[in-house]
Amino acid sequence: MTSAIDALAADLTLAQSGLKWVNSFARLDPGFYTELQPTPLPSPYWVGRSRALARELGLEDHWLESDEALAALTGNQMLRGSRPLASVYSGHQFGMWAGQLGDGRAISLGEIATAGGAQEIQLKGAGRTPYSRMGDGRAVLRSSIREFLCSEALHGLGIPTTRALCVTGSDALVRREEIETAAVVTRTAPSFIRFGHFEHFSYSNQQVQLKTLADYVIDRFYPACRETKQPYAALLEAVSERTAHLMAAWQAVGFCHGVMNTDNMSILGLTIDYGPFQFLDAFDPGHICNHSDTQGRYAYNKQPNMAYWNLFCLGQALLPLIEEQDQALAALESYKTVFPEALEARMRAKLGLTDAQPEDKALIDDTFRLLSSNKVDYTIFWRRLCGFTPHSGHEPVRDLFFDRESFNAWALQYSERLAPVDIGLRANLMLKNNPKFVLRNHLGEEAIRAAKLKDFSGVNTLLTLLQAPFDEHPGHDRFTDFPPDWAASIAISCSS
Ligand code: AMP
Ligand code: MG
C-alpha cells in the first residue's frame with residue numbers, strides 16, 4: 001500500500017536508526033491527539049525481539065542489537081524524526097457507551113516508510129497520557145510477552161494483525177492484583193485507528209473532524225471507495241468485509257479475543273489489543289476466556305455476532321456522513337454473506353476439501369458438533385486429521401473421541417466426501433491450514449514464569465515456533481501436547 005504519504009517520506013531526514021519518518025496522523029489537526037513524550041523506565045533490558053518484523057520494517061540488524069534501540073524502544077530516548085503522540089477515541093465497552101477513552105498507555109512515535117507502505121510504531125506501556133484516566137500508563141511483563149508472542153503468532157498463521165517488534169523490561173514495579181514489573185511492547189501496524197475513533201467524533205458532534213478522519217482512512221487505506229457514489233457507505237462496507245474475514249479466521253483457528261469492545265476493533269480489520277485472549281484447548285463453543293466477562297458476551301461462539309454489533313456502532317457513527325440510513329444498513333449487509341462464506345472456505349481447507357460441494361456445510365456443522373460433544377482438543381484434532389486415511393479409519397484421530405460410535409459415523413461421512421479428492425493435494429492443503437503450534441495459555445505462562453526470573457529462552461523458543469506454526473520443528477513436540485491440568489486454573493482478565 002503506497003501512497004502520496006510514502007513519497008513525502010523521501011524528504012525527511014534519516015534518523016540514526018535509518019528510519020524514514022512520515023508522521024501523517026500527526027499532520028491531522030490537533031483535535032485528534034496530544035503530543036507528548038514517553039516516560040522513561042529505569043535500566044531496561046531486552047525480553048524478546050522479532051527479527052523477522054525488523055527485516056520487514058527495513059531496520060538494520062545491528063540496530064536492533066544496539067543500546068540506542070533498547071533506549072528508544074523503551075521510550076527513554078527520542079528517535080530523531082519521530083513525533084510522539086497519544087490519540088483520542090471513545091467506545092462501547094461490554095455493550096455500554098463508555099465515553100472518552102484514548103491511548104491511555106500507548107504512545108505513537110509516528111509512521112515510518114517501509115517497502116510494504118507506511119507503518120505506525122507504538123510503544124505500549126510507555127507512561128501516562130491525558131487519556132490514562134485512573135491507569136498508570138504502564139503494561140506489565142506478563143501481558144507484554146503475551147501481546148508480543150500472540151501478535152507474531154497470528155501473523156504466522158496468516159491472520160491479519162498488528163505486529164510486535166520487541167518487548168523490553170525493567171525492574172520498575174507496577175501494581176495490579178499483585179505487584180509486577182513493567183515492560184514496553186513496540187507494536188506496528190499501517191494504522192491503529194479503531195471504530196472508537198469514529199464514535200468519538202460522531203458522538204461529540206464534531207462533524208468536521210469525523211469527515212477528516214473518514215477521508216484520511218479512505219485516502220490511505222480504501223482508495224477504491226473514493227470512486228463510488230457514496231464513499232462513506234463504501235468504507236463501511238469495505239470494513240464490514242475485512243472484519244468478516246477476520247472473524248472467519250479467528251473462528252477457524254479457535255482464537256478467542258476476549259474483549260471485543262468497539263475501541264478494540266481495527267478500522268483495517270486487524271486483530272488488535274491483545275489482553276485476555278486464548279486459543280481453545282478442548283473445543284467448547286461457549287468458552288469464555290476473559291475472567292472479567294461474567295456474562296460471556298465475548299464467548300468464542302459469540303464473536304462473529306459481536307463483530308457485527310460493533311460494525312453497527314461504526315455505521316451509527318458514520319451516519320452523519322452517509323446521511324441515508326438505508327445505505328448504511330445495506331453496507332452492513334455484506335457481513336452476513338461474507339462471514340459464512342469465508343468461514344466455510346476456511347473449514348473446507350482444514351478438512352482438505354479441494355473443491356466446494358453443497359453437502360460441505362452439513363459436514364462442517366457435524367464436525368463442530370462432534371468436537372463439542374466429545375470436548376476434543378481443537379488444535380490436536382485438526383493436526384492429527386491431516387494423516388486421516390478414508391475408510392481404513394485412523395487411530396490417532398479416533399483416540400480423541402470417547403463416543404466411538406458417533407466418531408465412526410462421522411468418519412464414514414468424511415471418507416465418502418474425500419473419495420474424489422487427490423490425496424497429495426489434500427495433505428498439502430491440510431498441513432498449511434491446520435497449525436501444529438498455537439500459543440496455548442499454559443505455554444505462554446511457562447515462558448512468562450521463566451522471564452520473570454530473567455530467563456528469556458522460553459519466549460525466544462515460542463517465538464520461533466509460532467512464527468512458522470505449520471512447520472514440523474522436530475524436537476519440539478512437547479509444545480504440541482495436551483494442556484496440563486494446571487492450565488485450567490490460569491485466570492486471565494482485563495487487568496494487565
Ligand atoms: P483495554 O481494555 O486494554 O482495551 O483498555 C481500555 C482503555 O483503558 C484504553 O483506552 C486503554 O488505553 C486504557 N488503559 C488500560 N490499561 C491502562 C493503564 N494501565 N494505564 C492507562 N490506561 C490504560
Ligand atoms: Mg484497548
Side-chain angles (χ1 to χ4, degrees), residues 32-34 36 38-39 41 75 84-108 120 122-148 150-151 161-162 164 167 169-170 172-185 187 189 191-201 203-204 256-268 270-278 288-294 297-298 303 306-307 310 313-314 492-496:
F32 290 97
Y33 53 79
T34 302
L36 78 178
T39 309
L41 273 173
L85 58 81
S87 74
V88 61
Y89 52 80
S90 293
H92 281 86
Q93 297 186 317
F94 291 91
M96 310 282 279
W97 177 241
Q100 184 191 300
L101 305 165
D103 295 324
R105 53 172 167 173
I107 296 184
S108 179
E120 184 172 337
Q122 277 198 351
L123 304 184
K124 182 169 175 181
R128 287 182 57 86
T129 78
Y131 317 110
S132 299
R133 297 178 294 158
M134 307 300 281
D136 56 10
R138 293 300 181 191
V140 297
L141 180 66
R142 160 179 59 93
S143 64
S144 303
I145 290 173
R146 279 171 55 85
E147 171 142 12
F148 173 64
C150 203
S151 308
T161 177
T162 63
V167 177
S170 162
L173 300 178
V174 176
R175 183 181 294 276
R176 293 291 181 269
E177 275 129 33
E178 295 169 8
I179 302 286
E180 303 189 44
T181 60
V184 175
V185 191
R187 56 183 193 177
S191 169
F192 287 88
I193 294 176
R194 301 135 193 274
F195 292 9
H197 279 95
F198 289 88
E199 290 180 287
H200 180 75
F201 295 100
Y203 278 65
S204 57
C256 308
H257 181 281
V259 58
M260 291 172 64
N261 295 329
T262 56
D263 54 304
N264 291 337
M265 295 293 293
S266 153
I267 202 71
L268 302 183
L270 307 172
T271 312
I272 191 172
D273 276 14
Y274 291 87
F277 68 82
Q278 188 181 2
I288 304 162
C289 62
N290 179 354
H291 229 64
S292 318
D293 183 8
T294 46
R297 179 177 174 86
Y298 299 132
Q303 297 190 123
M306 286 300 113
N310 290 337
C313 291
L314 177 65
I492 313 258
S493 68
C494 284
S495 145
S496 59

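The first residue in the sequence is number 1, and the count goes up from there. Only heavy atoms go into these numbers, but all of them, side chains included; no hydrogens, no water, no symmetry mates. Just follow the structure's listing: the first ligand is 1, and inside any ligand the first atom is 1.
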How far is [atom] from its nearest protein heavy atom, and which residue and atom is that?
atom                    : value
atom 15 (C) of ligand 1 : Arg105 NE, 3.7 Å
atom 10 (O) of ligand 1 : Gly102 O, 2.6 Å
atom 20 (N) of ligand 1 : Gly137 N, 2.8 Å

Heavy-atom check, side chain of His197 versus side chain of Ser87, under 4.5 Å = yes
Hey, which atoms in ligand 1 end up nearer than 4.0 Å to a heavy atom of [X]?
X      : answer
Gln93  : 6 (C)
Arg176 : 19 (N)
Asp273 : 4 (O)

Main-chain N/O of Arg297 paired to Asp293 side chain as donor or acceptor, under 3.5 Å | yes
Where the side chain of His200 meets the backbone of Leu101, is there a donor-acceptor pair that is under 3.5 Å apart?
-> no
Is there a protein heavy atom at a distance of less than 4.0 Å from atom 5 (O) of ligand 1?
-> no
Do any heavy atoms of [X] fall under 4.0 Å from ligand 1?
X      : answer
Gly275 : no
Gln100 : no
Arg133 : yes
Arg128 : no

If you measure every N or O of [X] against every N or O of ligand 1, does any of those distances drop under 3.5 Å?
X      : value
Leu101 : no
Asn264 : yes
Gly104 : yes
Gly135 : no
Asp136 : yes

Nearest 0.5 Å, please: how far is [atom2] in [Y] from [atom1] in [X]?
X      : Y      : atom1 : atom2 : value
His291 : Ile288 : NE2   : CD1   : 10.5 Å
Glu120 : Ser108 : CD    : OG    : 3.5 Å
Phe195 : Asp263 : CZ    : CG    : 11.5 Å
Asn261 : Ser90  : CG    : OG    : 12.5 Å

Within reach of ligand 1, part of Tyr131 (heavy-atom separation under 4.0 Å) | neither
With heavy atoms only and a cut-off of under 4.0 Å, state how Arg175 meets ligand 1: side chain, backbone, both or neither.
-> neither
Would you please test Gln303 and His257 for side chain to side chain donor-acceptor pair (under 3.5 Å) and show each step?
-> CA-CA 8 Å; Gln303 297 190 123; His257 181 281; 6.0 Å; no
Looking at Asn310, Asp273, Thr262, which one forms a side chain to side chain donor-acceptor pair (under 3.5 Å) with Arg194?
-> Asp273
Which one of Glu180, Glu177, Glu178 satisfies the salt bridge (Lys or Arg N to Asp or Glu O under 4.0 Å) criterion with Arg142?
-> Glu180
Run the ring-centre check on Tyr298 versus Phe94 and record whether the distance is less than 6.0 Å.
-> yes
Parallel, tilted or perpendicular for Trp97 and Tyr203, by the 30°/60° rule?
-> parallel
Compute both the distance and the angle, then confirm whether Arg146 meets the cation-pi test with Phe277: under 6.0 Å from the six-membered ring centre, within 45 degrees of the axis.
-> yes
Counting only protein N, O or S atoms (no waters) closer than 2.8 Å to the Mg ion (ligand 2) gives 2
Residues Thr161 and Tyr274: side-chain donor-acceptor under 3.5 angstrom = yes
